[in-house]
Amino acid sequence: FPSHDKRVNMTPLSFKGYGVRGGPITVIAERITHWVKYESNGYYGTEIHLDTGASVLVGDWHMEVEKAFKAAAGGN
């Protein structure tokens, strides 16, 4: 049988949950397409959009998301 071993990087990034009841959130860096600042009812965070069309809210500020993403991508 031919080998179908296609190694794909799957770098987990962990963030604080959004809001009072939000638990920790982990996303795969390679699935992130973009992120935007998010604020609702006095809570601030970031909405992370994934290549699946889904999005998740995290409690980290957008600059922290950018920093984690760049580190995962090998940048500063």
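Because only heavy atoms are used, hydrogens play no part in the values below, and waters and symmetry mates are left out as well, while side chains stay in.
Pairs engaging residues 51-65 under the salt bridge (charged side-chain N to carboxylate O under 4.0 Å, His left out) rule: Arg31-Asp51 [sequence neighbours left out]. Screening residues 36-50 for side-chain hydrogen bond (donor to acceptor under 3.5 Å, both in side chains) gives Glu47-Ser55 as the qualifying pairs, with residues at least two apart or on separate chains. Note on residues 10-28: pairs passing side-chain hydrogen bond (donor to acceptor under 3.5 Å, both in side chains), not counting sequence neighbours, are Thr11-Glu30, Ser14-Thr26.
Between Ile32 and Leu13 the shortest side-chain heavy-atom distance falls below 4.5 Å.
One finds the CH2 atom of Trp35 at 8.5 Å from the CZ atom of Phe15 (value rounded to the nearest 0.5 Å).
Under the rule for a side-chain contact (heavy atoms from CB on, under 4.5 Å), the partners of Ile25 that lie at least two apart in sequence or sit in another chain are Val27, Val56, Val58. Here Glu66 pairs with Lys70 under the salt bridge (Lys or Arg N to Asp or Glu O under 4.0 Å) rule; sequence neighbours left out.
Taken together through direct or relayed side-chain contacts under 4.5 Å among Ile, Leu, Val, Met, Phe, Trp and Tyr, Trp61 and Ile48 form parts of separate hydrophobic clusters.
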